[in-house]
Every structure is written in C-alpha cells, then in structure tokens.
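Here's the structure we're looking at; comments come further down.
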Amino acid sequence: MRGRVTEILGIKYPILQGGMAWVSTAPLVAAVSEAGGLGIIGAGGMRGEDLQEEIRKTKSLTNQPFGVNLMLLSAYVEEQIQVIKEEKILIVTTGAGNPGRLVEDLAREGILTIPVVSSVALARRLVRYGIKLIIAEGMEAGGHIGEITTMCLVPQIVDAVSPLPVIAAGGIADGRGMAACFALGAEGVQMGTRFVCTEECEVHPLYKEAIVKAQDRSTVVTGTTTGHPVRCLRNRLTRKFEELETRRAPVGEMEALGSGRLREAVCGNVEEGSVMSGQIAGLVKDIKPVQQVIEDIIEEFEETIRKLSHLVED
Ligand code: TUI
C-alpha cells in the first residue's frame with residue numbers, strides 16, 4: 001500500500017503494533033515488522049540493560065524497521081533513551097506524557113519521535129517541536145487512556161496538525177475499523193489488543209484467553225480518581241479498585257494496589273493482575289499468527305473501501 005505513513009517509516013502496510021510494556025517483546029515486534037507492519041518494543045518500566053537485550057534480540061529476528069515505545073512516567077526513561085541512541089533505533093513512540101524537547105533531542109540523532117496523544121491541545125503543542133507524524137489514541141484503547149473517543153479525536157487532530165499525517169489508535173482490530181479511521185482522515189492505524197492475541201505474543205495463554213472470551217462490556221476504567229485512568233478487563237482486581245474508589249480511599253492506597261499488576265497479569269494471574277485491554281476485545285475471537293492478522297486486515301480494509309465506493313456514482 002502506498003501512502004505517506006509507509007513511505008516515512010519504510011514499511012509495506014500502514015499498520016503499527018502499539019508498544020505495550022511486558023507484552024510487546026522481541027518475538028511479537030519482529031513478527032509484525034516481518035509481516036510488513038511496524039513492530040514496537042514496549043520499554044515500559046524496563047531498566048536500560050534489559051531494553052538493550054530486547055532490542056538486540058529483535059535485531060537478531062528481523063532486518064526490517066522496528067521502533068521502541070517510551071512510557072514517559074517510567075523512572076528509567078533517561079537510561080532507556082541512552083540505549084536507544086547507542087543501538088541506533090530510528091523510530092520512537094511516546095505515551096503517557098508530553099515528550100516536548102525530547103522530540104528535538106532525538107531528531108539531532110536522526111531519530112523520528114511519534115508521540116501518542118489523547119487531546120488536541122497536546123497535538124498542537126507538539127507540532128511546534130517539529131514532529132513529522134502523530135498517533136491519535138481514543139479512550140477505547142487499553143491501558144492508560146485519555147477522555148475522547150477515537151471517532152471524535154481523530155478528525156479533530158487531523159485538522160489541528162494538518163498537513164501532518166495522523167495514525168489512529170484505540171478501538172481498531174479489523175479492516176472495517178481501519179477503513180473507518182481512514183474515512184476520518186487517518187493515514188495509518190495502531191493496534192494493541194489485536195496483536196496480544198497472536199501466536200507470537202509472549203504473554204501467558206490465560207491473558208490471551210481472557211481477551212478472546214471478552215464481550216463488548218468486559219472492560220472497565222479504574223484510576224479515574226487518581227488521575228491515571230487505566231482500561232483493563234473486569235476481574236477481582238478491578239472490583240477491589242471500585243471498592244476503594246467508592247469509599248474515596250487515599251491515592252497512595254490505590255497506587256499501592258496497582259503497582260506491578262500488569263506484569264502479574266502477563267505472567268498468568270488474570271484475576272489479581274491488571275489485564276490491560278481495549279474495548280475492541282469483544283471483536284477479537286481467535287489467536288492467529290501475526291502475518292495472518294495483518295493479511296486479513298488489509299484484505300478486509302480493501303474490500304470495505306471497494307464496497308463503499310459503490311455508494312457514489314462516477
Ligand atoms: O500510554 C499509553 N498506554 C499505557 S501507559 C501504561 S503504564 C501506566 N500504568 C498505570 C498508570 C499510568 C501508566 C499503560 N498503558 N497510551 C498512550 C497514551 N498516552 N494514552 C494517553 C496518553 C497521554 C496522556 C497524557 C499522552 C500525553 C498526555 O499528556 C499529558 C500532558 O502533559 O499534556
């Protein structure tokens with residue numbers, strides 16, 4: 001597929017795999033890049049040396065471009081950036097904060113920063129730092145989220161950053177969703193939940209199973225009162241969170257309950273862990289090889305566009 005996103009990133013299809021801490025590790029990242037998308041390592045709360053190992057592992061599995069996602073709330077961002085520079089990573093996405101000057105700092109080393117944003121205000125501010133691409137993530141997404149839906153956010157960001165190309169994220173798991181985002185003005189999509197349910201993703205099988213079993217109303221947002229809203233699948237942990245929120249427990253108590261929970265879920269404790277997932281989990285019904293996921297999405301995307309084109313007379 002031709003387009004600005006594929007051209008800028010040097011990939012075949014404008015499909016990015018969201019950088020997910022503890023979830024998007026070398027085998028998934030390399031598989032996505034090998035299949036023509038952009039795989040992205042989730043640096044999350046990794047120490048620099050662990051990130052370096054993950055990068056080297058990914059390099060051993062693919063010669064295609066791949067990226068690293070920085071979770072800006074992490075205590076180890078500085079050492080992660082050092083490693084990214086040393087390893088000559090060329091594409092970085094950021095989440096959970098404003099990358100600001102980091103965009104310029106990384107550009108000096110030839111690194112392209114693609115910020116993930118959940119508001120128009122931040123998108124506008126980042127244009128001034130010289131970004132070339134941006135990811136607009138709606139609140140349907142899994143993990144840490146903003147307040148605006150993909151449907152409302154994407155066209156507003158497209159207009160706010162015009163003429164820059166926008167990648168849509170949050171609530172996409174098939175070719176229809178991809179086509180819908182392109183109708184809103186996006187030129188690429190990023191998916192997380194769909195890529196969790198792949199053979200190559202290293203999370204515990206129970207994590208994948210929980211997503212496959214999920215329905216439309218299976219996710220909840222906790223942490224709204226602490227200022228860090230996180231979407232995950234409803235389980236024993238989210239019920240505990242709800243209980244704390246109802247009795248207006250101190251923020252410290254809530255943060256203590258949440259700490260390290262994603263890693264626990266990734267290791268298979270899907271009742272006491274934080275099973276981060278997007279609302280689109282209800283649409284994900286199988287675990288497939290990455291290549292199959294990407295091929296099916298592209299085929300359905302093209303089919304959808306063809307069907308829609310019959311609505312207009314030539
Ligand atoms: O970052 C994500 N998803 C994440 S991060 C994460 S780890 C975490 N766990 C608990 C609490 C907080 C983080 C799990 N999932 N997606 C990208 C994203 N970025 N969504 C929303 C944002 C965002 C929010 C605020 C981006 C910028 C921002 O800026 C605030 C500001 O300074 O203007």
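From a predicted model like this one, the values you see are computed outputs, not experimental measurements. Order of listing sets the numbers, starting from 1, for every ligand and every atom in it.
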Original post:
Would you call Glu303 and Lys307 a salt bridge, taking side-chain N to carboxylate O under 4.0 Å as the test?
Top reply: no
**OP:** Answer yes or no: is there a donor N or O on one side and an acceptor on the other, between the side chain of Ser24 and the main chain of Ile40, under 3.5 Å?
**Re:** yes
Original post:
Honestly curious: do Val32 and Ile11 fall in one hydrophobic cluster under the side-chain, below-4.5 Å linking rule?
Top reply: no
Original post:
Do we see a donor-acceptor contact under 3.5 Å between the side chains of Glu137 and Ser118?
Top reply: no
**OP:** Check the pair Lys288 / Asp296 against salt bridge (charged side-chain N to carboxylate O under 4.0 Å, His left out), numbers first and verdict last.
**Re:** CA-CA 10 Å; Lys288 306 193 271 200; Asp296 289 353; 2.8 Å; yes
**OP:** Verify the distance criterion only: is there a donor paired with an acceptor across the side chains of Glu87 and Gln52 at less than 3.5 Å?
**Re:** yes
**OP:** Could you pull out every protein residue that has a heavy atom closer than 4.0 Å to ligand 1, ordered by chain and then number?
**Re:** Met71, Leu73, Gly95, Ala96, Gly97, Asn98, Val116, Ser118, Leu122, Glu137, Gly143, His144, His228, Val230, Met276
